[in-house]
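What follows is a single structure, written as structure tokens, with notes after it.
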There are 2 protein chains.
Amino acid sequence: MQTPRERARQQTMAEIVTIGRRHLELHGAAGLSLRAVARDLGVVSSAIYRYVKNRDELLTLLLVDGYDALGDAVDAAVQGVAEDDPVGRFRALARAVRQWGLAEPACYGLLFGSPVPGYEAPAEQTTAPGTRVIFQLVQILESADHNGRIALGDRTLDPRLAADFSKIRDEKGLTMDDQLVVAAVLVWSALFGAVNFEVFGHYGQTTFSDPAALFEAHLPGYEAILGLR
Amino acid sequence: MQTPRERARQQTMAEIVTIGRRHLELHGAAGLSLRAVARDLGVVSSAIYRYVKNRDELLTLLLVDGYDALGDAVDAAVQGVAEDDPVGRFRALARAVRQWGLAEPACYGLLFGSPVPGYEAPAEQTTAPGTRVIFQLVQILESADHNGRIALGDRTLDPRLAADFSKIRDEKGLTMDDQLVVAAVLVWSALFGAVNFEVFGHYGQTTFSDPAALFEAHLPGYEAILGLR
DNA sequence: TTTATCCGAGAGCACCGCTCTCAATTGTTC
DNA sequence: GAACAATTGAGAGCGGTGCTCTCGGATAAA
């Protein structure tokens with residue numbers, strides 16, 4: 001049950017986020033202006049502060065919105081592949097991340113680019129949506145591991161790392177061994193590194209005529225790291 | 001031969017870059033203000049425009065400065081390891097990138113974070129210093145390959161990618177095969193992905209008690225991708 | 001119907017990037 | 001040494017920003 005007042009407020013908030021996303025696309029994170037959003041909302045600049053405490057709070061809203069959009073895209077892509085095809089699921093995840101990043105570069109930049117200085121994302125709002133991709137990746141690997149689709153060698157590990165990993169395993173109810181956790185974190189960061197390079201244009205003058213082909217050529221490398229087959 | 005006037009101008013420019021770097025550290029790229037730099041320079045705000053055309057040009061100066069600092073750090077680290085130890089050289093490179101990024105997070109963010117919106121780095125000034133790290137990496141791998149320290153399987157490659165790679169090989173005078181180029185680009189992006197995650201704090205709540213150990217644990221993975229031994 | 005809450009408008013503060021004009025300084029040339 | 005030109009700093013000013021404050025009207029709750 002919500003009063004009409006709450007309804008109206010909620011709708012205005014949604015409209016602010018929508019306008020903010022558009023401005024993000026057009027002018028980037030640094031160019032996001034509360035005054036401009038207020039103008040597009042058809043309201044005087046000071047009125048926007050009735051809904052958003054400050055610029056950072058609008059950034060947080062857009063951050064959560066972006067994490068959820070990426071999470072939805074990745075989940076949908078993974079769900080489209082059979083569970084007994086872990087390689088296919090992993091590739092679906094990787095491609096979904098890349099495609100979403102290329103489709104929404106400004107939003108992607110807000111999520112995975114340099115942090116906005118002086119702005120610290122409030123953990124209690126952002127960690128849950130922000131961990132959806134790695135969570136999905138771990139799910140895929142955990143399931144693959146159970147089905148004997150992971151083949152990794154053994155290597156002695158730094159004891160402090162092993163302790164961290166034990167904790168993570170306990171919290172998430174996982175059974176994968178340390179070596180797979182190492183590989184998962186490596187592939188996670190590597191995947192976003194590759195997408196970063198492409199979205200942010202860091203491949204530089206070495207522009208590849210077919211970036212998608214380069215990405216595809218990298219997938220077997222990621223799978224080798226994971227021992228996924 | 002340079003006139004005293006040119007000397008003075010050059011010194012002022014250097015001072016501006018120094019002040020700019022400090023401001024970058026303190027307030028980040030988005031908070032970099034020409035007026036504030038002018039104040040620190042002990043000059044009225046409009047006078048700064050005698051030296052720097054606009055804010056973007058100062059960003060370019062800092063960008064080039066940063067690329068060169070990183071390149072110097074990496075080169076020095078690699079030179080400290082014997083050439084017949086390609087694994088050691090690769091690790092020196094990787095660790096140098098990580099350490100420099102952690103030591104200069106704001107500068108690192110300017111180089112490898114989300115691009116400043118509306119600002120396009122002028123290629124003719126930035127590509128040369130901006131490619132020093134990948135160039136050094138390729139040098140290490142090329143030399144290792146010549147010495148039979150690279151063992152990679154064969155895989156059929158997308159023909160357009162193969163064409164790109166041929167061109168790169170010709171331009172740089174390289175002899176490594178396609179598979180090693182793929183692996184080099186993968187490791188390049190993966191390395192910066194890992195450093196991004198750590199510098200930008202994207203590992204999130206999954207804070208590792210010893211990030212350096214995690215990084216070290218990833219090094220063998222990179223080397224496996226490269227077939228480096 | 002009264003009361004309390006909410007919300008938009010407007011003025012205002014300090015800051016920003018950037019431009020313009022003017023005066024002082026400096027180095028060059030006759 | 002004097003006239004000249006180039007360089008540089010100061011100052012005012014424009015439109016923009018984030019953000020705060022106060023005020024008055026609309027609206028829901030009592």
Side-chain angles (χ1 to χ4, degrees), chain A residues 1-17 19-20 22-24 26-63 106 110 115-122, chain B residues 1-17 19-20 22-24 26-63 106 110 115-122:
Chain A
M1 196 82 324
Q2 58 179 0
T3 72
R5 237 184 192 165
E6 284 168 347
R7 261 194 72 83
R9 186 162 228 288
Q10 209 168 331
Q11 192 178 337
T12 307
M13 289 291 291
E15 203 171 343
I16 288 174
V17 170
I19 296 172
R22 199 171 60 232
H23 283 212
L24 205 63
L26 294 176
H27 318 289
L32 185 67
S33 147
L34 280 186
R35 285 181 114 108
V37 171
R39 267 195 300 274
D40 277 21
L41 193 64
V43 105
V44 89
S45 74
S46 63
I48 199 83
Y49 291 90
R50 298 288 178 192
Y51 300 92
V52 166
K53 217 177 88 198
N54 51 32
R55 210 185 88 109
D56 285 1
E57 196 173 288
L58 178 56
L59 279 179
T60 302
L61 289 176
L62 294 171
L63 208 63
L110 182 62
V116 181
Y119 165 70
E120 187 115 7
Chain B
M1 198 77 330
Q2 57 179 1
T3 72
R5 238 187 191 160
E6 284 168 345
R7 261 194 73 83
R9 185 161 231 286
Q10 208 167 329
Q11 192 177 337
T12 307
M13 289 292 291
E15 203 171 343
I16 287 174
V17 171
I19 296 172
R22 198 171 61 232
H23 283 213
L24 206 63
L26 295 176
H27 317 290
L32 185 67
S33 145
L34 281 185
R35 287 182 114 109
V37 172
R39 267 196 301 272
D40 278 22
L41 193 63
V43 104
V44 89
S45 74
S46 63
I48 199 85
Y49 290 91
R50 298 290 176 191
Y51 300 91
V52 167
K53 219 177 85 199
N54 50 32
R55 210 185 87 108
D56 284 2
E57 196 172 289
L58 178 56
L59 278 179
T60 301
L61 289 176
L62 294 172
L63 208 62
L110 182 62
V116 181
Y119 166 71
E120 187 115 8

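Labels below follow one simple rule: chain letters A, B, ... track the order of the sequence lines, proteins then strands, and each chain is numbered from 1.
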Categorize B:R55 for me: base, sugar-phosphate, or nothing, with a 4.0 angstrom heavy-atom threshold over every strand shown. sugar-phosphate
Value in whole Å for how far the P atom of C:dC15 lies from CG of B:L34: 16 Å
I need the CG-P distance between B:D40 and C:dC16, as an integer number of Å. 11 Å
Select base, sugar-phosphate, or nothing to describe what B:L32 touches, counting heavy atoms under 4.0 Å on all strands. sugar-phosphate
Interatomic distance where CZ belongs to A:R7 and P belongs to D:dA28 [whole Å]: 13 Å
Does A:S33 make a side-chain N or O approach to OP1 or OP2 of D:dG18 shorter than 4.0 Å? yes
Candidate nucleotides C:dT21, C:dC18, C:dA9, ranked by approach to the side chain of A:V43 - the nearest: C:dA9
Any side-chain N or O of B:Y51 under 4.0 Å from OP1/OP2 of D:dG9? yes
Just the rounded figure in Å: distance from P of D:dG16 to CG of B:N54. 19 Å
Does C:dG10 have OP1 or OP2 under 4.0 Å away from a side-chain N or O of A:S46? no
Here's a test of your reading of the structure: between B:R39 and A:I48, which maps to the more 5' nucleotide of DNA chain C? A:I48
Over all strands shown, is A:R35 touching base, sugar-phosphate only, or nothing at heavy-atom distances under 4.0 angstrom? base
Between B:L58 and B:R55, is any pair of side-chain heavy atoms under 4.5 Å apart? no
In Å, rounded to the nearest 0.5 Å, how long is the span from CG of B:L41 to CG of B:L34? 11.0 Å
To the nearest Å, give me how far apart CG (A:D56) and P (D:dT17) are. 17 Å
Just wondering, do B:D40 and B:H23 contact through their side chains at under 4.5 Å, heavy atoms? yes
Within the structure shown, what part of the strands sits under 4.0 Å from A:V44 by heavy-atom distance: base, sugar-phosphate, or nothing? base
Report which part of the nucleic acid B:L58 touches: base, sugar-phosphate, or nothing (heavy-atom distance under 4.0 Å, all strands). nothing
Taking only N and O in the side chain of A:R9, is any of them less than 4.0 Å away from OP1 or OP2 of D:dA28? no
Nearest-angstrom distance from the residue atom CZ of B:R50 to C1' of C:dC22: 10 Å
Whole angstroms only, please: what is the CD-C1' distance between A:E6 and D:dA29? 13 Å
Here the distance between atom P of C:dC15 and atom NE2 of B:H23, to the nearest Å, is 14 Å
I need the A:E15 CD to A:Q10 CD distance, nearest 0.5 Å. 13.5 Å
Distance check, rounded to the nearest 0.5 Å: A:L32 atom CG versus A:D56 atom CG? 10.5 Å
